Novice: 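Pasting a structure here, questions to come.
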Amino acid sequence: MKIYLAQNAGFCFGVERALRIAYETVKNSKIPIYTLGPLIHNPQVVEQLRTKGIIPLETLDNIKKGILIIRSHGISPSIVEHAKEKGFTIVDATCPFVKQAQEKAKMLKQKGYQVVILGEREHPEVEGILGFAGKDAVCINNHTDIKNMSLSNKIGVVAQTTQSMEMLSLVVSELIKITLEVRVFNTICTSTQQRQKAALKLAREVGCMIIVGGKNSANTKRLAALVKEKKTSTYHIETEKELKKNWFSGVGKAGVTGGASTPDWMIQRVIDEIKKLTEAKFVCKGTEVRQKLI
Ligand code: SF4
């Protein structure tokens with residue numbers, strides 16, 4: 001069997017940037033450092049960060065002060081204000097793509113549009129964007145949600161950065177049927193699109209796809225769901241320990257990719273373990289897996 005790595009597998013620009021900011025902050029600081037929620041949606045990386053002194057919090061309630069790193073998903077402006085009032089120093093690692101979605105939502109609200117956010121309501125990135133979008137903003141999961149909604153005649157649309165273009169187009173076609181004006185900003189990030197395209201391309205060429213990344217990572221879950229739709233046997237795993245030898249029986253070519261919050265070293269471990277289980281040969285098709293530990 002041969003193993004192929006998809007192009008654009010693993011860390012995206014925004015995650016790499018957030019980690020770089022976090023490590024620089026640790027190096028230059030003597031006071032406690034926190035994140036509200038995990039810095040990135042990858043439990044193994046979050047554990048590494050904890051050992052360096054970056055502590056993920058559920059809430060700021062019982063903490064008096066310290067440094068609060070805003071993760072790449074961003075945060076609602078009201079929470080930032082609350083943290084500042086409590087005495088926290090803010091280090092902003094919000095991904096520029098997410099920031100753009102926040103700014104577009106804010107601008108639409110100021111111009112009198114009711115903001116519709118395409119995304120997962122519970123996802124921290126969406127919660128953050130909602131904080132900029134005004135009280136009448138709504139979040140929808142897909143185009144079918146629109147049918148039962150009563151919306152304004154002036155709708156502004158932004159998307160969670162990890163959404164697919166197909167779904168954004170479907171949402172816009174539904175909205176235009178029920179309202180007078182729809183203004184849309186494509187806030188889907190290019191890293192997500194590239195990662196999805198490369199994974200789908202590889203999925204067409206192989207017998208089985210391994211998607212590596214946090215089970216709590218929206219972009220990794222979406223990647224796995226999209227690949228699964230192509231009827232290729234698809235397995236979403238967090239670590240190499242979850243691999244099963246029988247997934248590869250009768251498979252001539254296996255594909256591997258990783259979500260935007262998956263470190264290269266985890267992708268490398270998965271490739272090494274597949275090699276061990278199957279005696280496969282690794283054919284690097286996409287980017288070289290960088291060996292460095294971030
Ligand atoms: S997936 Fe895109 S939006 Fe999300 S952190 Fe990465 S670059 Fe930023």
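Every number for a ligand or one of its atoms is a count from 1 in the order of the listing. Just so you know, residue 1 is the first one in the sequence shown, and it goes up from there. A quick note: this is a predicted structure, and the numbers were derived from the prediction, not measured.
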Novice: Pairing donors with acceptors under 3.5 angstrom, does anything connect the side chains of Gln44 and Thr239?
Specialist: no
Novice: For residues Thr192 and Phe97, determine if any side-chain heavy atom of one lies less than 4.5 Å from a side-chain heavy atom of the other.
Specialist: no
Novice: Using a strict cut-off of 4.0 Å, indicate which atoms of ligand 1 neighbour a heavy atom of Cys95.
Specialist: 3 (S), 5 (S), 7 (S), 8 (Fe)
Novice: At a non-hydrogen distance cut-off of under 4.0 Å, which region of Asn219 contacts ligand 1 (side chain, backbone, both, or neither)?
Specialist: neither
Novice: Could you verify whether a donor N or O on one side chain and an acceptor N or O on the other, from Glu242 and Tyr235, lie under 3.5 Å apart?
Specialist: no
Novice: In ligand 1, which numbered atoms sit nearer than 4.0 Å to a non-hydrogen atom of Thr192?
Specialist: 1 (S)
Novice: A quick test of your reading: do over 12 heavy atoms of other residues, nucleotides or ligands sit less than 6.0 Å from NZ of Lys215?
Specialist: yes
Novice: Does the shortest distance from atom 8 (Fe) of ligand 1 to an N/O/S atom of Cys189 fall below 2.8 Å?
Specialist: no
Novice: Considering non-hydrogen atoms of the protein only, which is the closest contact for atom 6 (Fe) of ligand 1, and what is the distance?
Specialist: Cys12 SG, 2.2 Å
Novice: Would you check, one step at a time, whether the test salt bridge (Lys or Arg N to Asp or Glu O under 4.0 Å) holds for Lys276 with Glu240?
Specialist: CA-CA 11 Å; Lys276 248 195 256 164; Glu240 77 285 3; over 6 Å; no
Novice: At what distance is the nearest protein heavy atom to atom 4 (Fe) of ligand 1, and which residue and atom is it?
Specialist: Thr161 OG1, 3.9 Å
Novice: Calculate, to the nearest 0.5 Å, the distance between atoms CD and CD belonging to Glu125 and Glu122 respectively.
Specialist: 14.0 Å
Novice: Taking 4.0 angstrom as the limit and counting only heavy atoms of Phe97, give me the atoms of ligand 1 inside it, by number and element.
Specialist: 3 (S), 7 (S)
Novice: Would you mind listing which atoms of ligand 1 come within a distance below 4.0 Å of any non-hydrogen atom of Ser191?
Specialist: 7 (S)
